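In what follows, a structure is listed as structure tokens, so that the remarks can point back to it.
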Amino acid sequence: MYQYDTLDKAMVADRAAEFRGQVARRLSGELTEDQFKPLRLMNGLYLQLHAYMLRVAIPYGSLNPTQMRKLAWIGRTYDKGYGHFTTRTNLQFHWIKLRDTPDILDHLAEVDMHAIQTSGNCIRNVTADPYAGATAEEVDDPRVWAEVLRQWSTFHPEFSFLPRKFKFAITASPKDRTAARVHDIGLVMRRGRDGALGFEVIVGGGMGRTPYVGPTIREFLPVDQLLSYVEAILRVYNRHGRRDNKYKARIKILVAALGTEEFTRQVDAEWAKIGAEINLPDAEVARIRAAFAIVDFETLPSRSETFEAAKAASPALARFARNNLKPHKRPGYAIVEISLKGIGETPGDATSDQMEVVADLGERYGHRDIRVTHEQNLVLPHVKLDDVPAVWAALRDAGIATPNINLVSDIIACPGLDYCALANARAISIAQLIADKFRDPDRAENVGELKIKISGCINACGHHHVGHIGILGVDKKGEEFYQLTLGGSGAEDASLGAMLGPALPYDRVAGAVDTLVEVYLRERQPGERFLDTFRRAGVAPFKEAVYADAH
Amino acid sequence: MPTLIEMIDGSARSVDDGFVFVADDQDLPEGDLILTLSRFQTEGEVLLSQGRRVGVKLLADQEVEALAYDLPRLSVVALDFPKFGDGRSYSNARLLRERYGFKGQVRAVGDVLREQAGFLLRVGFDAFEPADGSSANEWQAAALRYRHVFQRAADARAPVYLEREA
Amino acid sequence: MKALTANRLSDGDVVFWSAGQWVERFADAHLFADDDPAGPEAEKAGKGQPTVVIDVYLIDLVESEGIWTPLSYRERIRALGPTNHLHHGKQAEGGAVIAALQQAHGASRSTGRVNLIKRTK
């Protein structure tokens, strides 16, 4: 993993010191709330319904056990003993006191963590493939380029006051686990015909009020020109993106208004004028690359007799292995996904105790490497198959061995009206009610891959537009209602969901999802996921079943 | 008149403003002037021929490209921040320095707070009219708060990757 | 009826206005009649305390089984705490008003549902 050197550490320390001064000026009255609000937002500090919320950055979703333990400790010391992992792979604390935040930032800085650019109209945390460095599918390690972008974008003097927030995703696998096509910029690594590495550059995807699957504006950008090219994109956006209406200010609106061809022409014209000295020198890229190379993999047989025997003896372990283990590039290793979607739990929440268990497992069995996925789960990317039974047992004892990765109960949900000042309706309890319908793990496995994503308002933090089943909370005369969409996908086959029909009241949503699943089970052909059946059969049978049921 | 802070050789100083900003509907006073773009385009030639120093104030939605051929004759380009969060003038400033090689003063006016000081300096501003009552000392402390920078911009600061090589 | 609410600057906690002071429990909040000028006056006074509270505003109340409760869900959740952690926030303390808030049916609700809080967990 990338280790902060003294220069990186100094940046974090300087930021913490600056914020300490700003908090003092606010508490003394020297700064008004109007002046202070953008400053606290730049440090990831929001006022929510019950308290302040602090959003801690987890750059490209990668952290080490020491950092995870610190998050656990902060959760216990300054919050209520837990934290919430988000779809931006960050961690939110929901019960924070303003007066404590300078100390919290100092504690975070001790382990090279911070809340820099976790809010505000700046370049936010980059999403990278959570299987980076572990999957055999990838053509390069995307964390290298995510770190390049982290450094370039941190306190960028020209691009810290953009029209609106700006999010990158980067993957190097054909299987997209980052939702690259619904980001402001999605970078998909490829090899060119001559074998050289480059990026497909997708711009102007997004969710929120006006969702778009982003168009590709460059099929192949050589890797060494990444920074000059993204600088050109950001400059065109900073100068021409709308600032008169926050709902029309994301880059997707500019791309759509100009048209892909004209937007691309403007970017290329700007790019032609930007000097190559903006690009990172090869030596620095090599330094970053070296930091991500794990050299101490053991040479192992691809089959572990220990693991096979343990699976044979424990159906629960076998189920966990079927659903939560993913193939590793090295024989004898596995990628272990840790579900934060226990039935009846809050999606993405982890208690301080659970964080410490994951930290210990990462330390002992996982090359000190822990990842956060945008689907609000955790990953131990490098675990020996021999060790999987021990890892599973420890997770089970901590209540986080739920064998449901990519299944119907592996639901994305934003904090919704239970916490968020912007929300119109609850998201968490809808997720809980749906998960409860699929409590039977045999049934859930029979249903197979089904991605449900729930947002408590149109801002779409819960990615509902790209859920196989998307659920959007709306307010109807003070009552919570939910709009269902079907057929969305945030993966390589990205698409936006289509409206199912009129919004449903709170107490009918879980039943409607159950009905949708029953229609799928009835209609599906061999090998079809829910999404495939929907794409083949269309909305009609689903709509008919849900709304027939209503009358 | 708002305080003017100039950054000279890395040190912030409170100075007397030698220029007067003139709105489109105001009579022209004596001395050195900062004009709107449209007024500069109609009256700038005459004023320059009188031997006056002339500057132009660009609003956030006006682009430096409009001044491309006039820059060598301008002493000041003032770039407006209609509000703290409007970042367009950062791009204008950087282009003035990097693309057009403008050597005159680039001044930040409008809703200019000390929290922006570091960013402003890095994109090429060297004069500031703070709206938050910052003193030169406070401005200096804010501008130099960060000991390192991560990326190239319009200033001479070496990014961390060059510091690492050294 | 109306009540005046805000979040305390130093810790963000939800507070209510009561006889010139900010209190933490909705049960202790002063209730203003809809046409009582004291409500807007208190709001103005609260907004004049920028180093004590932020986001000062009046909320509408509705009567539910003899107890005045906030009309909107959002305000009930602020007065109680999150529905996914029933031991977090003000609801942890319990008591008659908390119980009434948890079971309140809104006047604007047309269906028989709409208990804000799941009663079993």
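Throughout, a chain's letter reflects where its sequence line sits, starting with A, and its residues are numbered from 1. Predicted model only: the values in this text are computed from it and were never measured.
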Looking at side-chain heavy atoms only, is the closest gap between B/Phe81 and A/Phe161 below 4.5 Å?
no
Heavy-atom cut-off 4.5 Å, strictly under: side chain, backbone, both or neither for [X] against chain B?
X	answer
A/Leu39	side chain
A/Ala283	side chain
A/Ile274	both

Given a strict heavy-atom distance threshold of 4.5 Å, which part of B/Leu121 is in contact with chain A: side chain, backbone, both, or neither?
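Neither part, no heavy atoms under 4.5 Å.
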Scan chain A against chain B and return every donor-acceptor pair whose distance is under 3.5 Å.
{"from": "A/Tyr2", "atom 1": "OH", "to": "B/Arg164", "atom 2": "NH2", "distance (Å)": "3.4"}
{"from": "A/Asp5", "atom 1": "OD1", "to": "B/Arg164", "atom 2": "NH2", "distance (Å)": "3.3"}
{"from": "A/Asp5", "atom 1": "OD2", "to": "B/Arg164", "atom 2": "NE", "distance (Å)": "2.6"}
{"from": "A/Asp5", "atom 1": "OD2", "to": "B/Arg164", "atom 2": "NH2", "distance (Å)": "3.4"}
{"from": "A/Asp8", "atom 1": "OD1", "to": "B/Arg164", "atom 2": "NH2", "distance (Å)": "3.4"}
{"from": "A/Asp8", "atom 1": "OD2", "to": "B/Arg164", "atom 2": "NH2", "distance (Å)": "2.9"}
{"from": "A/Asp14", "atom 1": "OD1", "to": "B/Arg147", "atom 2": "NE", "distance (Å)": "2.9"}
{"from": "A/Asp14", "atom 1": "OD1", "to": "B/Arg147", "atom 2": "NH2", "distance (Å)": "2.7"}
{"from": "A/Asp14", "atom 1": "OD2", "to": "B/Arg147", "atom 2": "N", "distance (Å)": "2.9"}
{"from": "A/Asp14", "atom 1": "OD2", "to": "B/Arg147", "atom 2": "NE", "distance (Å)": "3.3"}
{"from": "A/Arg15", "atom 1": "NH1", "to": "B/Tyr146", "atom 2": "OH", "distance (Å)": "3.3"}
{"from": "A/Glu18", "atom 1": "OE1", "to": "B/Tyr146", "atom 2": "OH", "distance (Å)": "2.6"}
{"from": "A/Gln22", "atom 1": "NE2", "to": "B/Glu115", "atom 2": "OE2", "distance (Å)": "3.1"}
{"from": "A/Arg25", "atom 1": "NH1", "to": "B/Glu115", "atom 2": "OE2", "distance (Å)": "2.8"}
{"from": "A/Gln151", "atom 1": "OE1", "to": "B/Arg164", "atom 2": "NH1", "distance (Å)": "3.1"}
{"from": "A/Trp152", "atom 1": "O", "to": "B/Gln151", "atom 2": "NE2", "distance (Å)": "2.7"}
{"from": "A/Thr154", "atom 1": "O", "to": "B/Gln151", "atom 2": "NE2", "distance (Å)": "2.9"}
{"from": "A/Glu158", "atom 1": "OE1", "to": "B/Arg94", "atom 2": "NH1", "distance (Å)": "2.7"}
{"from": "A/Glu158", "atom 1": "OE2", "to": "B/Ser91", "atom 2": "OG", "distance (Å)": "2.5"}
{"from": "A/Phe161", "atom 1": "O", "to": "B/Gly87", "atom 2": "N", "distance (Å)": "3.2"}
{"from": "A/Glu231", "atom 1": "OE2", "to": "B/Arg94", "atom 2": "NH1", "distance (Å)": "2.6"}
{"from": "A/Glu231", "atom 1": "OE2", "to": "B/Arg94", "atom 2": "NH2", "distance (Å)": "2.7"}
{"from": "A/Asn238", "atom 1": "ND2", "to": "B/Gly87", "atom 2": "O", "distance (Å)": "3.1"}
{"from": "A/Asn238", "atom 1": "ND2", "to": "B/Ser91", "atom 2": "OG", "distance (Å)": "2.9"}
{"from": "A/Arg239", "atom 1": "NH1", "to": "B/Glu65", "atom 2": "OE2", "distance (Å)": "2.9"}
{"from": "A/Arg239", "atom 1": "NH2", "to": "B/Glu65", "atom 2": "OE1", "distance (Å)": "2.8"}
{"from": "A/Arg239", "atom 1": "NH2", "to": "B/Asn92", "atom 2": "OD1", "distance (Å)": "3.1"}
{"from": "A/Glu270", "atom 1": "OE1", "to": "B/Arg99", "atom 2": "NH1", "distance (Å)": "3.2"}
{"from": "A/Glu270", "atom 1": "OE2", "to": "B/Arg99", "atom 2": "NH1", "distance (Å)": "3.1"}
{"from": "A/Glu270", "atom 1": "OE2", "to": "B/Arg99", "atom 2": "NH2", "distance (Å)": "2.7"}
{"from": "A/Glu277", "atom 1": "O", "to": "B/Arg152", "atom 2": "NE", "distance (Å)": "3.1"}
{"from": "A/Glu284", "atom 1": "OE2", "to": "B/Arg164", "atom 2": "NH1", "distance (Å)": "2.8"}

